[in-house]
2 protein chains.
Amino acid sequence: MSKASQSAYEAIRGRILSGEFPAGTHLKEERLAEVCGVSRTPIRDALRTLAAEDYVRVVPNHGTFVSEFSDDDIEDIFVLRSMLEGYAARMAAQRATPEQIFELREQCKKIDTSMKVGDEPDRDAFLAANRRFHEIITEAAGSERLAQMIARLIEQPIIARTAQSYKEPQIERSNRQHMELIDAIESEDGSWAEAIMSGHILAGYQTFKQNLDPAGDRSEEDGGPARLETDPSKARRQPLRVVSGSKPAPRRK
Amino acid sequence: MSKASQSAYEAIRGRILSGEFPAGTHLKEERLAEVCGVSRTPIRDALRTLAAEDYVRVVPNHGTFVSEFSDDDIEDIFVLRSMLEGYAARMAAQRATPEQIFELREQCKKIDTSMKVGDEPDRDAFLAANRRFHEIITEAAGSERLAQMIARLIEQPIIARTAQSYKEPQIERSNRQHMELIDAIESEDGSWAEAIMSGHILAGYQTFKQNLDPAGDRSEEDGGPARLETDPSKARRQPLRVVSGSKPAPRRK
DNA sequence: TGCGGTAGCATTGTATACAAAGTTGACCGG
DNA sequence: CCGGTCAACTTTGTATACAATGCTACCGCA
């Protein structure tokens with residue numbers, strides 16, 4: 001993508017991730033064009049790209065809407081991640097280079113440090129190191145396609161915010177799993193590595209559910225940041241509810 | 001997508017699948033606009049969609065090119081399919097309804113019939129039934145996301161043509177695996193189902209390699225259909241070689 | 001002859017104007 | 001007062017014109 005399209009893409013994506021455009025928001029092309037300072041053409045380009053990455057959903061002749069995620073969607077995402085990243089870990093156990101293993105250890109140390117500096121863990125440092133840790137595993141697996149599949153799952157806004165909710169004991173447990181994973185990879189034991197990684201992701205899912213769900217409705221608890229969504233005075237239409245993702249799984253018999 | 005974009009998408013995609021636009025072809029927007037009878041705007045729309053599905057690759061300021069697949073890419077695709085469809089089969093064993101199992105049997109019968117009518121197997125019938133069989137498994141797994149991942153893999157042009165090369169004994173073996181898969185699903189044995197499906201896909205990979213690779217250079221063996229690629233008289237530039245997909249996997253130590 | 005700059009061309013990228021589609025809300029008839 | 005039809009408006013979809021980019025080939029000069 002070139003200049004205008006690229007900047008529009010980043011601007012819109014950033015606003016979705018930051019929550020400025022919450023799920024369900026009707027993204028109107030002309031308004032986005034004003035905000036981004038370009039014409040509608042590159043805006044449309046950016047929206048198609050975002051649609052391909054599941055950030056938004058395009059309804060023909062109606063517009064594009066920020067994707068919404070049901071509880072089932074979220075479970076689906078975590079379960080698939082557990083499978084894909086588990087498989088990546090298995091491959092990494094066969095293929096990781098000593099340099100990659102070294103760098104994995106580095107990230108673990110950074111996460112350790114992030115917990116010990118202040119009385120509150122340094123979330124940004126944890127997030128960055130955690131992200132890099134998983135990235136190295138994925139790289140070590142050696143499949144660009146697999147990496148893309150995983151990226152598409154973890155880039156979802158709802159997932160991106162998951163790790164925000166980690167408390168200190170959960171970070172600690174998570175990092176112990178990281179270290180065991182390194183052991184498994186170093187001993188070239190693919191099955192072990194896969195099992196640890198799958199469990200690691202699914203543990204993250206439980207943390208996510210416990211920390212966010214019981215808190216009840218988690219929208220606008222503090223009024224939230226000023227939103228750029230459709231000006232209420234002009235919003236004569238309710239945005240369509242765009243349901244994304246899985247149908248309920250049929251239960252046998 | 002609406003009228004013009006949609007028709008452009010189908011037209012271009014069809015030409016890629018049919019081989020009229022072979023891998024590496026530089027797809028020029030203006031020319032496509034003529035061919036499809038629409039302006040460049042919906043053409044660009046269609047190309048972005050095709051890029052998202054890995055049919056083509058967009059190089060900024062240079063254009064879009066039909067994706068090329070290396071041997072490593074193809075292996076990668078089959079291995080990932082084996083994992084994903086294997087997982088789908090595992091889920092299907094837990095979730096498939098009696099109706100779905102019934103329909104699976106139907107497809108097996110159709111494949112059997114397709115072999116027994118003439119002296120040559122009826123390839124179209126086999127392909128349709130085979131496709132539907134795998135589709136049912138994927139549906140039964142109950143994850144829209146998983147289904148999309150699998151679809152993106154099997155829709156690749158190179159894969160779409162794989163089953164074309166099946167000979168009768170290979171179809172027979174393939175269908176025996178289908179029937180065993182039904183047994184596994186019916187007995188709700190996820191591990192069994194996963195194992196059969198993984199083996200089934202990997203067997204397909206071997207068939208693909210044996211039937212197509214030793215035949216040597218498989219381009220234009222019979223002169224091929226008339227191609228609509230860039231008019232040679234105007235082709236002053238070689239299309240860039242766009243390498244897609246995986247880097248070579250690093251071998252340990 | 002070899003090198004560097006430059007002009008021209010092919011192609012993509014962006015903006016704007018116009019057409020089509022769909023929705024709202026009011027008007028009219030029952 | 002209710003229901004249906006129609007017109008205006010909002011928003012997306014498409015076409016066309018123009019700008020920017022990158023390549024090629026030519027020309028001048030050493």
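All chains are named by letter (A, B, ...) in the order of the sequence lines, taking the proteins before the strands, and each is independently numbered beginning at 1. These figures come from a predicted structure and were not determined experimentally.
- Following rounding to the nearest Å, R44(B) (CZ) and dT11(C) (C1') show an atom-to-atom distance of 10 Å.
- The side chain of E29(B) lies closest to dG13(C), out of dG13(D), dG13(C), dA15(C).
- Atom CG in D45(B) sits about 11 Å away from atom P in dA15(D), given to the nearest Å.
- Distance NZ (K3(A)) to C1' (dT21(D)): 11 Å, rounded to an integer number of Å.
- Ion pairing of R145(B) with D73(A) is present here, as a side-chain N (NZ or NE/NH1/NH2) and a carboxylate O approach within less than 4.0 Å.
- Residue A4(A) is the one, among A4(A) and N61(A), whose nearest nucleotide of DNA chain C lies closer to the 5' end (criterion: closest heavy atom).
- Rounding to whole angstrom units, CZ of residue F65(B) and C1' of dT11(C) are separated by 10 Å.
- Taken from CZ in R132(B) to CD in Q107(B), the straight-line distance is 6.5 Å, to the nearest 0.5 Å.
- Judged by distance alone, the side chain of R123(A) and the main-chain N or O of Y166(A) form a donor-acceptor pair under 3.5 Å.
- Computed from coordinates, the L47(A) CG to dT12(D) C1' distance equals 11 Å when rounded to whole Å.
- We find that CD1 of I43(A) is positioned 15 Å from P of dT11(D), with the value rounded to whole Å.
- Using a 4.0 Å heavy-atom distance criterion, L27(A) is classed as a sugar-phosphate-only contact.
- Annotation: of the two residues near DNA chain C, T41(B) and E30(B), the 5′-most nearest-nucleotide partner is E30(B).
- The phosphate of dT14(C) has OP1 or OP2 within less than 4.0 Å of a side-chain N or O from S5(A).
- If you take CZ of R40(B) and C1' of dA15(C), they are 12 Å apart, rounded to a whole angstrom.
- Note on R31(A): every side-chain N or O is 4.0 Å or more away from OP1 and OP2 of dT10(D).
- Contact annotation: H26(A) side-chain N/O to dT12(D) OP1/OP2 distance is under 4.0 Å.
- Regarding contacts with the backbone of dA10(C), every side-chain N or O of H62(B) stays at 4.0 angstrom or more from both OP1 and OP2.
- Rounding to whole angstrom units, CG of residue L32(A) and P of dT11(D) are separated by 12 Å.
- We find that K28(A) and E34(A) are not joined by a salt bridge, their nearest charged nitrogen and carboxylate oxygen being 4.0 Å or further apart.
- A side-chain donor from one of D76(B) and S143(A) sits under 3.5 Å from a side-chain acceptor of the other.
- Of the candidate nucleotides dA15(D), dT14(C), dG13(D), dT14(C) has the atom nearest to the side chain of S39(A).
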